[in-house]
Amino acid sequence: MSTESCIFCQIVAGNAPADVLHRDELVVAFRDIRQAAPTHILIVPARHVRSLMDLRPGDDGLLGHMFAVAQELAVQEKMGTRGYRVVVNTGPDGGQTVFHLHLHLLGGRRMHWPPG
Ligand code: 5GP
Ligand code: ZN
């Protein structure tokens, strides 16, 4: 998929609206348009990466940084003490619908297990 047709690339580029909470050279974080929990934030690489399956050797730093941003936003959203959930849906069976890698950061309520 080209970056022109990828909604998350459009948000990264500032060409589509989003409630952006964090932006740096590696990642952008914004609120999910369909809130599945009181706090529901997506953390995406600035570069188009289709899914976890498309990470390359050398992307460890990117992945680590995505989780560091998740931790920072969790504290900012006051979820640091009670906890939260980070999810990466991968491929059709994993429930991925937008094929630009993203962490879902979910919290503000008690999560259920196992997920559906
Ligand atoms: P997935 O199902 O791929 O794991 O998650 C994709 C997420 O992206 C969904 O939770 C969906 O609500 C969200 N989403 C899809 N389109 C947009 C959009 O245009 N803006 C925002 N902020 N979120 C979106
Ligand atoms: Zn993209």
Side-chain angles (χ1 to χ4, degrees):
M1 182 185 276
S2 73
T3 54
E4 291 82 51
S5 53
C6 171
I7 182 60
F8 290 177
C9 281
Q10 295 286 320
I11 290 171
V12 167
N15 295 331
D19 185 0
V20 174
L21 302 174
H22 176 99
R23 178 186 285 281
D24 61 42
E25 69 284 358
L26 286 179
V27 311
V28 178
F30 49 91
R31 292 197 194 277
D32 196 296
I33 206 167
R34 193 167 161 271
Q35 295 278 294
T39 291
H40 187 179
I41 296 167
L42 300 173
I43 299 154
V44 315
R47 175 183 116 228
H48 184 80
V49 177
R50 217 181 113 75
S51 85
L52 270 189
M53 296 305 292
D54 288 289
L55 284 170
R56 304 191 290 239
D59 282 336
D60 305 25
L62 170 64
L63 214 46
H65 187 58
M66 289 171 73
F67 278 94
V69 170
Q71 185 201 63
E72 196 177 292
L73 291 171
V75 171
Q76 196 173 297
E77 295 284 314
K78 307 198 176 353
M79 307 189 299
T81 304
R82 289 189 58 85
Y84 53 90
R85 183 170 290 173
V86 176
V87 173
V88 186
N89 296 326
T90 305
D93 272 7
Q96 186 173 6
T97 59
V98 175
F99 285 83
H100 179 133
L101 178 64
H102 48 282
L103 303 185
H104 291 262
L105 171 63
L106 297 146
R109 66 166 168 80
R110 189 66 178 254
M111 296 295 153
H112 308 292
W113 193 263

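Order of appearance sets the numbers: ligands from 1, and atoms from 1 within every ligand.
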Would you mind writing out a table of all protein N or O atoms found under 3.5 Å from any N or O atom of ligand 1, naming both atoms and giving the distance to 0.1 Å?
| unit_1 | atom_1 | unit_2 | atom_2 | d |
| --- | --- | --- | --- | --- |
| ligand 1 | 2 (O) | Gly95 | O | 3.1 |
| ligand 1 | 2 (O) | Thr97 | N | 3.3 |
| ligand 1 | 2 (O) | Thr97 | OG1 | 2.8 |
| ligand 1 | 3 (O) | Thr97 | N | 2.7 |
| ligand 1 | 3 (O) | Thr97 | OG1 | 3.3 |
| ligand 1 | 3 (O) | Val98 | N | 2.9 |
| ligand 1 | 3 (O) | His102 | NE2 | 3.1 |
| ligand 1 | 4 (O) | Asn89 | ND2 | 2.8 |
| ligand 1 | 4 (O) | His102 | NE2 | 2.9 |
| ligand 1 | 4 (O) | His104 | NE2 | 2.8 |
| ligand 1 | 5 (O) | His102 | NE2 | 3.0 |
| ligand 1 | 5 (O) | His104 | NE2 | 3.2 |
| ligand 1 | 10 (O) | Asp32 | OD1 | 3.3 |
| ligand 1 | 10 (O) | Asp32 | OD2 | 2.5 |
| ligand 1 | 12 (O) | Asp32 | OD1 | 2.5 |
| ligand 1 | 22 (N) | Arg31 | O | 2.9 |
| ligand 1 | 22 (N) | Ile33 | N | 3.3 |
| ligand 1 | 23 (N) | Ile33 | N | 3.2 |

message = Test: ring-ring contact (aromatic ring centres under 6.0 Å, His included). Region: residues 26-46. Which pairs qualify, not counting sequence neighbours?
response =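 ring-ring contact (aromatic ring centres under 6.0 Å, His included) check on residues 26-46 returns Phe8-Phe30, His40-His104.
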
key: Within residues 52-87 or reaching into it, pairs that qualify as ring-ring contact (aromatic ring centres under 6.0 Å, His included) - sequence neighbours excluded   =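 For residues 52-87, and leaving out neighbouring residues, there are no ring-ring contact (aromatic ring centres under 6.0 Å, His included) pairs at all.
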
inquiry  = Counting only heavy atoms not in Arg82 (residues, nucleotides, ligands), do more than 12 fall under 6.0 Å from its CZ?
reply    =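 12 or below, so no.
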
Please output the side-chain donor-acceptor pairs of residues 14-22 that fall under 3.5 Å, not counting sequence neighbours, one pair per line with the distance.
| unit_1 | atom_1 | unit_2 | atom_2 | d |
| --- | --- | --- | --- | --- |
| Asp19 | OD2 | Arg31 | NE | 3.3 |
| His22 | NE2 | Asp24 | OD2 | 2.7 |

Flag side-chain contact, heavy atom, 4.5 Å: [X] against [Y]:
X: Leu62; Y: Val27; value: yes
X: Met66; Y: Val69; value: no
X: Arg47; Y: Asp59; value: yes

ask   = At the Zn ion (ligand 2), what angle lies between atom SG of Cys9 and atom SG of Cys6, rounded to 10 degrees?
value =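 Result: 120°, to 10°.
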
request  = Check His48 and report its N/O/S atom nearest to the Zn ion (ligand 2), by atom name.
outcome  =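 In His48, the N, O or S atom with the shortest distance to the Zn ion (ligand 2) is ND1.
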
inquiry  = For N/O/S atoms only: which one belongs to His100 and is nearest the Zn ion (ligand 2)?
reply    =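 For His100, the N, O or S atom at the smallest distance from the Zn ion (ligand 2) is ND1.
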
